[in-house]
Amino acid sequence: MSAERDGGGPDLRHHGDAEVRGAAGLIDLAVNVRANTPPVWLKRHLAASLDGLAAYPDGRAARAAVAARHGVTPDRVLLTSGAAEAFVLLARALKVRQPVVVHPQFTEPEAALRDAGHAVGRVLLREEDGFRLSGATVPEGADLVVIGNPTNPTSVLHPSASIAALARPGRFLVVDEAFMDAVPGEREALADRTDVPGLVVLRSLTKTWGLAGLRIGYVLSDPETIATLAGAQPLWPVSSPALAAAEACVAPAALAEASAAALRIAADRAHLLAGLREFAPFGVRAVEPAEGPFVLLRAPGATALRDRLRERGFALRRGDTFPGLGEEWLRVAVRDAGTTDRLLAAVRGALGR
C-alpha cells in the first residue's frame with residue numbers, strides 16, 4: 001500500500017532512515033549517506049572541538065571558509081543546521097505567494113512550505129522524458145521555484161543552463177545541491193554563480209562526510225536574502241562541533257578527498273546499473289543516465305520485491321512517498337562493488353531466478 005499523510009497524498013515526512021530504524025543487521029541501501037564515514041581524521045577533528053564547548057558558537061571562521069570555497073564573500077553565506085533547516089527558513093522568512101516545487105524530488109521543501117501555510121504548486125516531471133526539466137512546465141507566475149540537482153530520488157543531473165533559465169525578476173530560484181559534491185567535477189553546479197537573479201543554492205555536508213547526526217549545511221545567495229534568512233534563525237543555530245566540521249570539510253585536502261570519492265561513486269554506480277540490466281526481462285528498469293549516489297528503479301510488484309529483499313538483509317527506499325512516483329518505484333543507494341554483487345544475488349533470489 002502507498003504511504004500517505006493524514007488527509008491523503010504522499011507522506012512528505014517519510015525519509016530513508018525510517019527503513020532501517022530499529023532494524024539491526026540490515027544492509028542500508030535506503031539512506032544516501034556515504035558508507036564508512038565520517039573518516040578518522042574528521043572524527044578526531046570533531047573530538048578536538050569539544051574542548052571549546054563552554055564558549056558560545058562563533059561561526060565567522062566557518063562562514064569565511066565556505067565563502068572562500070565557492071569564491072564568494074561571507075555575506076553571501078548562511079550556515080544552517082543541515083539543509084532541512086534551510087528549507088524551513090525559506091518557507092517562513094521569504095514573502096512569496098505562489099511557490100512551486102518540481103517533483104519527484106526531496107519532499108522536505110514542500111513539507112516546510114505547507115507547514116508555513118503556503119499553498120504549494122507541483123510541477124511533475126515525466127518518466128517518458130527521463131524526469132528531465134522542461135522550463136515551459138513551470139508556471140510563469142511562480143515566485144519561488146524549488147528543484148534538486150542532482151535530483152533525489154531520480155538521480156537526474158539537469159544542465160545548469162536549463163535551471164538558470166527558470167530565473168525571473170521577482171522569483172526565488174531555489175536549487176538543492178545536497179548531492180552535487182558526489183558528481184565528479186561538480187558539473188552543472190550553480191553554487192559559485194552570482195549572476196543569476198534570485199538564485200538560492202543549498203548545500204549539505206552530511207551526505208558525503210557522514211554527518212547526518214551532527215546537522216550542518218549552508219545557503220548561498222545574495223546578501224539581502226541571506227540577511228532575511230538569518231533574521232529568522234534562533235541565536236547560535238549551529239553548534240561548535242558542526243562549525244568545526246564545516247570549516248574542515250571545505251578545506252583543500254577535504255575537497256580533494258571528496259573529489260576522489262565522487263569518482264569511486266561513479267564507478268560503483270556504473271557497476272550497479274550494469275548488474276540491474278540483467279533483470280530487464282522481469283520489467284526491472286533503472287532511470288538512466290544516473291548521476292547521484294543513488295539509483296531509481298521501476299519494478300512490477302516493487303513493494304513485494306522490497307519486502308523479499310528486506311528478508312534477505314537489504315533495506316531499500318520506497319518510492320511511493322515522492323509526488324509523481326508510485327508503488328512500483330524503489331531507490332537504491334550506491335555502495336561498493338562487493339555490496340552490490342550481494343544485492344544483485346538477493347534480487348535474483350527474490351525474483352525466483
Side-chain angles (χ1 to χ4, degrees), residues 1-3 10 16 19-20 26-32 35 103-106 124-134 148-159 179 182-184 187-188 262-353:
M1 88 192 291
S2 63
E19 313 284 353
V20 293
L26 284 176
I27 296 174
D28 181 6
L29 303 180
V31 175
N32 295 320
H103 286 290
Q105 78 147 329
F106 184 51
L124 299 179
L125 304 184
R126 304 188 307 169
E127 179 187 3
E128 52 264 43
D129 297 329
F131 295 111
R132 300 196 164 275
L133 178 67
S134 171
N149 204 37
T151 303
N152 172 20
T154 63
S155 209
V156 168
L157 182 67
H158 303 285
F179 294 101
V183 176
R187 309 185 321 276
E188 314 302 343
L263 292 173
R264 288 195 300 273
I265 289 168
D268 290 337
R269 183 179 59 241
H271 182 69
L272 172 61
L273 290 169
L276 289 170
R277 293 185 193 116
E278 171 190 342
F279 308 114
F282 293 85
V284 177
R285 187 184 67 81
V287 175
E288 296 190 57
E291 300 283 358
F294 44 84
V295 169
L296 182 65
L297 302 179
R298 184 168 193 169
T303 300
L305 174 61
R306 174 173 159 271
D307 290 342
R308 289 196 290 271
L309 289 174
R310 191 177 183 87
E311 292 169 358
R312 289 166 168 80
F314 293 88
L316 276 61
R317 171 67 159 88
R318 64 192 303 168
D320 60 335
T321 64
F322 294 100
L325 300 182
E327 294 182 356
E328 68 275 23
W329 293 96
L330 298 169
R331 191 190 69 197
V332 185
V334 172
R335 297 290 186 249
D336 63 273
T339 300
T340 292
D341 289 343
R342 292 193 293 275
L343 169 68
L344 296 173
V347 174
R348 291 186 196 101
L351 294 175
R353 294 203 65 183

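Using a 4.5 Å heavy-atom cutoff, the side chains of H158 and T151 are in contact. The closest side-chain heavy-atom distance from R285 to E127 is below 4.5 Å. With contacts defined as side-chain heavy-atom distances shorter than 4.5 Å, the pair R306/E311 does not qualify. Side-chain contact check for P153 versus L325: some heavy-atom pair is nearer than 4.5 Å. Counting heavy atoms from C-beta on, the side chains of V332 and R317 never come closer than 4.5 Å. Between T154 and P104, some side-chain heavy-atom pair lies under the 4.5 Å cut-off. With contacts defined as side-chain heavy-atom distances shorter than 4.5 Å, the pair E291/E188 does not qualify. Using a 4.5 Å heavy-atom threshold, the side chains of L343 and L272 count as touching.
The two residues G292 and I265 make their nearest non-hydrogen contact at O-CG2, 4.5 Å. The shortest heavy-atom contact between V295 and A290 is CG2-CB, 4.4 Å. F322 and Q105 make their closest contact through CD2-O, 3.3 Å (heavy atoms, listed as atom of the first residue, atom of the second, distance). Taking every heavy atom of both residues into account, L309 and A350 meet most closely at CD2-CB, 4.1 Å. When all heavy atoms of A30 and L316 are compared, the closest pair comes out as CB-C, 3.8 Å. Considering every non-hydrogen atom in both A337 and D268, the closest pair reads N-OD1, 3.8 Å.
The salt bridge (charged side-chain N to carboxylate O under 4.0 Å, His left out) contacts involving residues 329-341 comprise nothing, where partners must be two or more places apart or lie in separate chains. Annotation: ring-ring contact (aromatic ring centres under 6.0 Å, His included) contacts involving residues 288-317, sequence neighbours excluded, comprise F179-F294.
Looking only at distances, no side-chain donor or acceptor of R310 sits under 3.5 Å from a matching main-chain atom of L26.
Applying the ring pair (Phe, Tyr, Trp, His ring centres under 6.0 Å) test to F131 and every residue at least two apart in sequence or in another chain returns W329.
Note on E327 versus R298: no salt bridge recorded, every NZ/NE/NH1/NH2 to OD/OE distance being 4.0 Å or above. Salt bridge R126/D129: present, at least one basic N to carboxylate O contact under 4.0 Å.
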Stepwise, does the side chain to side chain contact (heavy atoms under 4.5 Å, CB included) test hold for E288 with L273? CA-CA 8 Å; E288 296 190 57; L273 290 169; 3.9 Å; yes
Dump the intermediate steps for side chain to side chain contact (heavy atoms under 4.5 Å, CB included) on L297 and L276, then the final yes or no. CA-CA 9 Å; L297 302 179; L276 289 170; 3.3 Å; yes
Candidate pair R132 and L125, rule side chain to side chain contact (heavy atoms under 4.5 Å, CB included), full reasoning: CA-CA 6 Å; R132 300 196 164 275; L125 304 184; 6.0 Å; no
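For the residue pair R342 / T339, a side-chain donor-acceptor distance below 3.5 Å is found, with atom types taken as modelled.
L305 contributes atom CG, which lies 9.0 Å from atom CG of D307 (distance to the nearest 0.5 angstrom).
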